Structures are given as structure tokens and as C-alpha cells.
Amino acid sequence: MSLFKKLSLTNIITLNKSFKTFSPQNASTIYALTSGSNQKCGVAVIRVSGKSTIEALLKLTKKTQNIYSPRKMYLRDLYHPLSNDKIDKSLVVWFKEPKSFTGEDVCEFHVHGGPAVVSSLLNALSTFDDFRYAEPGEFSRRAFVNGQMDLVEIEGLADLVNAETEMQRKQALSQMEGNLSKIYKEWRSSIIKCLANVEAYIDFNEEENVEDDVLDVVEVMVNNLIKSILSHLNDNRRGERLRNGVRVAIIGQPNAGKSSLLNAICKRPTAIVSPIPGTTRDIIESALNIGGYPIVLVDTAGLRETSDLIEIEGVKRAFSNIESSDVLIIVIDVNQHLDSIMKKGFVNFLNDHLEEKFGSYVKSLRNEDTSFGFQKWLNGKEIIISLNKKDLLNQTQLSELNEKLNLNGEQISLNRISCINENNNDIDELLNQLKSKVSNLCSNGMSESPSLTQQRHRDMLTKCLKSLESYLIKRKKEEDLVLAAEELRLAVRWLGTITGHVSTEQILDVIFKDFCIGK
Ligand SMILES: Nc1nc2c(ncn2[C@@H]2O[C@H](COP(=O)(O)OP(=O)(O)OP(=O)(O)O)[C@@H](O)[C@H]2O)c(=O)[nH]1
Ligand SMILES: [K+]
Ligand SMILES: [Mg+2]
């Protein structure tokens with residue numbers, strides 16, 4: 001083995017060793033109701049983790065020595081250690097460290113899910129020395145500290161617990177199983193390799209053992225890394241959208257029927273509907289699951305110029321929601337605008353209508369460019385146009401309208417609906433259009449090429465990318481190689497922060513505070 005290769009190896013080992021900078025706070029044994037609710041239920045699970053777990057299990061089941069094999073279920077009576085009172089008949093299972101969720105000795109008691117049973121067992125556990133009720137996320141935190149899961153996997157676990165739709169579940173499961181971590185870990189080891197090579201070159205370039213082209217090889221590797229990280233970052237936020245929900249804003253002029261449409265889609269009277277224009281002022285949000293994709297449907301105030309102070313604020317909020325939404329459903333009262341559509345043709349009508357209704361907003365978007373068209377206006381958003389109140393048109397008007405609805409190849413979806421007539425397929429057609437737009441915007445949650453799922457990862461990856469680029473710039477300017485190498489060291493750090501190889505208490509506190517107790 002060349003000196004160069006030997007050195008790479010030892011450097012990697014020291015780099016990997018220096019990362020656990022925090023101390024595990026696992027002196028006490030912790031316990032919690034882990035099955036979630038405090039409501040009555042068939043079975044409640046109480047989890048215990050820590051070094052005195054076994055003592056508690058033996059005491060509660062009145063055994064003097066450990067007769068329990070790990071990972072096997074036993075049916076046992078549980079007794080309160082102080083009163084000797086029988087608490088319940090329970091299934092017990094224990095896991096010997098390190099083969100447990102937390103990496104410590106763990107025991108689970110499956111008891112009948114009544115509040116009195118649960119509190120009696122929790123009370124019994126509290127009587128043991130150095131036992132305390134777990135903090136939110138403390139079991140997971142111990143799993144992390146003991147190396148059972150990295151941070152990205154733990155975040156996947158939290159997402160899995162919070163997943164509300166099928167696609168979210170798939171994405172979270174894949175992340176929990178380490179598919180996303182794998183990418184970050186591979187990148188990290190590549191950078192560590194680069195760093196080790198550069199350091200070897202710095203230390204030993206006088207000697208013949210170091211290959212001449214080492215720095216060129218590093219440059220190629222860094223360039224490849226930059227490419228991979230960039231394409232992961234520029235994924236159009238597909239994974240984040242799936243995790244957080246796609247924002248879909250319903251917009252249009254007053255009385256177009258926006259709130260009626262929200263109610264029709266949600267199948268409940270969420271928003272107030274009235275014939276008075278300017279009814280909706282606040283933003284009304286409703287969470288939906290469409291084909292496994294999470295959606296936040298947003299009803300907004302009708303867009304118009306007004307002197308009503310409250311309505312002005314409503315219109316302002318509507319515009320800021322247009323800005324932050326991924327999909328816009330533009331509702332148009334087709335009865336009111338029929339003449340105009342027939343006269344101008346649909347695309348011209350739409351351009352004029354949008355310019356009139358959204359003019360101020362559009363102007364702010366287009367700066368000096370005065371040409372007006374959907375593409376400019378969309379600004380990357382998906383658009384669905386809903387011609388509402390079609391029930392007010394007669395058959396002749398409807399068929400004349402249909403002939404006019406030529407979109408000239410614009411990338412928008414169009415539908416004709418009625419929010420009054422409950423018994424129609426129009427809303428279904430709209431939902432299908434919405435689903436196809438949303439599925440284009442979201443990752444499908446599958447593991448082949450896991451998507452970036454969190455802003456935290458995005459921030460760290462961006463910093464990592466900057467450091468890699470700085471390395472190349474410093475190399476190009478032929479600056480001191482030691483200073484350039486420092487950039488690689490930083491890049492390793494940023495990546496390590498994502499998975500928790502480099503860690504600070506602040507990051508951990510932020511991540512684990514959102515966990516429920518018992519996780
Ligand atoms: N005939 C008919 N009337 C409708 C339809 N959809 C809504 N309306 C009526 O139109 C009026 C306005 O409906 P809303 O849903 O309040 O309209 P909006 O766009 O939310 O209005 P603002 O909140 O004031 O901007 C109400 O009287 C609704 O009953 C429809 O499909 N057909
Ligand atoms: K209204
Ligand atoms: Mg409304």
C-alpha cells in the first residue's frame with residue numbers, strides 16, 4: 001500500500017472519530033405511555049428504557065432472577081411494588097441492549113388501555129430509584145446518541161408518525177430506512193477522501209510516494225460532487241412539497257364562487273357563502289388528501305379595488321397567498337362574462353380578465369417587460385381555470401361556449417363547473433386535473449432517488465456546496481493549499497451536520513422538541 005493510501009485511511013478514521021461532541025444524558029431510566037392517546041383503548045403500551053429496566057421488570061412481575069429471554073412475549077401479572085396490589089394482566093417483552101430501539105435495555109408492557117390501569121403502572125414505575133417520565137422525543141434521542149439511527153433517519157421516523165397521506169408515508173418510511181442518509185453519507189465519505197488526499201499531498205509531496213496527479217483527481221471528484229449536490233438541490237422542492245403539502249389557492253373576483261368551490265371540494269360548509277361581494281376577507285385553509293398527496297386548499301378574498309379597510313387587508317392577503325402557492329385555481333363567473341368570451345375569444349378574454357383583476361400584481365412581476373401572457377404571469381405556477389355557474393347557461397349558450405374554449409396550447413387546465421348543482425361530475429374532473437398537477441409537483445415518495453425533504457437539509461447542503469466551490473476557486477487562484485483544504489474540512493462538517501455526525505445540542509433540541517412523548 002502506498003503511503004498516500006495509508007494516510008487517507010488513518011485520516012478518515014480520525015475524522016470519523018472526532019464527531020460525537022455531545023454527551024449522552026442517559027443516566028436515568030425513562031418510561032412513558034408510548035401508544036399515544038390517554039383515551040380508553042384496547043391495549044396501551046408503556047415503554048421503559050435504561051440500565052435499570054430489568055430490575056423493574058422483575059420486581060413488577062415478582063421474579064427474583066431474570067427468566068425472560070429477549071424479544072419474546074410473556075403473559076404476566078403486574079404488581080405495584082409498594083402496595084403489592086395487582087395492577088393488570090400484561091404482555092411483557094424486553095430487548096437486551098444494544099438490540100433495541102434506543103440501544104439500551106428496553107421493556108414494553110402491553111396492558112389494557114384504561115386510564116386507571118395506565119396511571120397505576122406509571123405510578124408503579126415512578127417508585128423505582130432513578131426512574132423518571134421521558135421527555136418528548138427522548139427515546140429517539142437515545143436511539144440517536146447510541147448510534148441506532150442517524151438524524152435524517154430519526155426525522156424520517158417523525159415524519160412517518162406525522163404522515164397523513166399514502167405518498168407521505170412512503171417518503172417517510174424510505175427516509176427512516178436510511179435511503180436519504182445513504183446519499184448524504186456517500187457524499188460525505190467522498191469529501192473525506194478528497195480531504196485526506198489533499199492532506200497527504202501537503203504533508204508528503206516532497207516524497208516520491210505521493211502520486212503527482214492527486215490534486216487533479218481531487219478536482220474531478222469535487223466537480224462531480226458539486227454536480228450531484230446541485231441536482232439534488234434543484235429538484236423543484238418535490239420532496240419538501242410532499243412533506244409539507246402543496247398549496248393550492250382559489251382566487252378570482254368577488255362572487256365568482258370561490259368559497260362555494262372550496263366547500264364543494266371539501267364536502268362541508270367550511271367557508272361562508274353569500275350573494276354579497278366581499279364576503280371572504282381572511283384566508284381560509286383546509287387540508288385535503290387528493291390521491292395520496294397532501295394539499296392545503298386556500299380560499300381567498302375576491303380581488304378588487306375597494307375602500308373598505310378590512311377588505312383591503314383581505315385582498316393584500318390574497319395576493320401574498322398567490323405568491324406562496326404552487327397551484328392557482330382561478331374561478332370565473334361564466335354567466336357574467338359569457339358575452340365577453342364570445343366576442344373576444346377565450347384566450348383574449350382571459351388575458352384581459354387577468355390583466356384587469358390582477359394588474360397591479362402582474363405589473364410587479366413583469367418589471368420593464370410590458371408584454372402580457374400566461375407564462376409571464378404564472379411565474380412557474382400551475383394554473384387551473386374553473387368557469388363556474390354553468391348551471392345558469394342554457395343548452396345553446398353552453399355549446400356555443402364550448403366552441404370558443406380553445407386554449408391555443410397554453411399550459412393550463414380548464415373546466416366548467418357548477419357549485420350549486422350537487423349532482424355533477426364537474427368537481428371530479430377538476431379534482432383529476434388538480435391531482436395530475438400535484439403529482440407533477442411532488443416526489444412520489446419512492447426510494448430509488450430519494451428527494452430532499454427538509455429546509456434544514458437544504459441549508460446545510462447549500463453551505464457544503466459553497467465550501468466545495470470555494471475549494472475550487474482557491475485552487476484556481478493557486479492560493480495556499482492548506483487554506484483550500486480548510487474548505488473541504490468545512491464541507492465535511494456541513495454534511496455531517498445533516499446526519500448528525502457533527503452535532504450541537506441546539507440542533508438536537510430543535511429536532512427532538514417536535515416529537516411526542518413516548519417516541
Ligand atoms: N347559480 C350558481 N350560483 C353560484 C354558484 N357558485 C356560487 N354561486 C353563488 O354565488 C354567490 C357568491 O358565492 P361565494 O361562494 O360567496 O363567492 P366568492 O367568490 O367566495 O365571493 P367573495 O368571498 O365575496 O369574494 C352565492 O350566492 C353563491 O350561492 C354556481 O355554481 N351556480
Ligand atoms: K360572496
Ligand atoms: Mg368567498
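First listed ligand is number 1; within each ligand, the first listed atom is number 1. On a predicted model such as this, the values are computed, not experimentally measured, just so you know.
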Can you check whether [Y]'s main-chain N or O pairs, donor with acceptor, with [X]'s side chain at less than 3.5 Å?
X: Glu311; Y: Asp308; value: no
X: Ser325; Y: Leu328; value: no
X: Glu177; Y: Ser174; value: no
X: Gln168; Y: Pro294; value: no
X: Asp299; Y: Leu262; value: no

Check this for me: Leu122, atom CG, are more than 12 non-hydrogen atoms of other residues, nucleotides or ligands nearer than 6.0 Å?
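Counting neighbours around CG of Leu122, more than 12 heavy atoms of other residues, nucleotides or ligands fall under 6.0 Å, so yes.
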
Exercise for the section: Can you establish whether the number of heavy atoms outside Ile310 located under 6.0 Å from its atom CD1 is more than 12? Expected result: no

Atom 30 (C) of ligand 1 has as its nearest protein heavy atom Ile420 CG1, 3.2 Å

Short version for Asn388: what comes under 4.0 Å of ligand 1, heavy atoms counted, is side chain

Note: Pro275, heavy atoms under 4.0 Å from ligand 1, region reported as both

With His457, which of Met460, Gln454, Gln455 fulfils side chain to side chain contact (heavy atoms under 4.5 Å, CB included)?
->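 Only match with His457 under side chain to side chain contact (heavy atoms under 4.5 Å, CB included): Gln454.
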
Handout entry: Closest candidate by heavy atom, reference atom 10 (O) of ligand 1, pool Arg281, Lys390, Lys389
Key =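 Result: the heavy atom closest to atom 10 (O) of ligand 1 is in Lys389.
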
Looking at Ser274, Gly257, Ser260, the heavy atom closest to atom 11 (C) of ligand 1 belongs to Ser274

Rounded to 10°, the OG/Ser259 to the Mg ion (ligand 3) to OG1/Thr280 angle comes out at 90°

| field | side-chain hydrogen bond (donor to acceptor under 3.5 Å, both in side chains) partner of Ser274, the single match among Thr279, Thr280, Asn255 | value |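 It is Thr279; the other options fail the test.
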
Q) Does the N or O separation between Cys419 and ligand 1 drop below 3.5 Å for any pair? A) yes

- Message: Below the 3.5 angstrom mark, is there an N/O of Ala256, backbone or side chain, next to an N/O of ligand 1?
- Response: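 Yes, at least one N or O pair falls under 3.5 Å.
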
4.0 Å heavy-atom contact, Gly252 with ligand 1: no

task = Compute the minimum heavy-atom distance from Ile276 to ligand 1 and say whether it is under 4.0 Å.
result =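 A heavy atom of Ile276 does come that close to ligand 1.
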
**Message:** Quick test of your reading of the model: are Glu164 and Arg169 salt-bridged, counting only N-O distances below 4.0 Å?
**Reply:**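 The answer is no: the pair does not qualify as a salt bridge.
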
Looking at [X], which atoms of ligand 1 are within less than 4.0 Å of one of its heavy atoms?
X: Pro277; value: 24 (O)
X: Gly302; value: 25 (O)
X: Asp391; value: 1 (N), 2 (C), 30 (C), 31 (O), 32 (N)
X: Ser418; value: 31 (O)
X: Leu392; value: 1 (N)

field: With the K ion (ligand 2) as the apex, the OG1/O angle for Thr279 and Ser274 - to 10°
entry: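 Value returned, to the nearest 10°, is 90°.
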
### Task
Using the K ion (ligand 2) as the apex, give the angle to atoms OD1 (Asn255) and O (Ile276), rounded to 10 degrees.
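Taking the K ion (ligand 2) as the apex, the two atoms subtend 80°.
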
| Step-by-step salt bridge (charged side-chain N to carboxylate O under 4.0 Å, His left out) determination, Glu104 to Arg142 | CA-CA 8 Å; Glu104 305 172 330; Arg142 288 188 178 193; 3.1 Å; yes

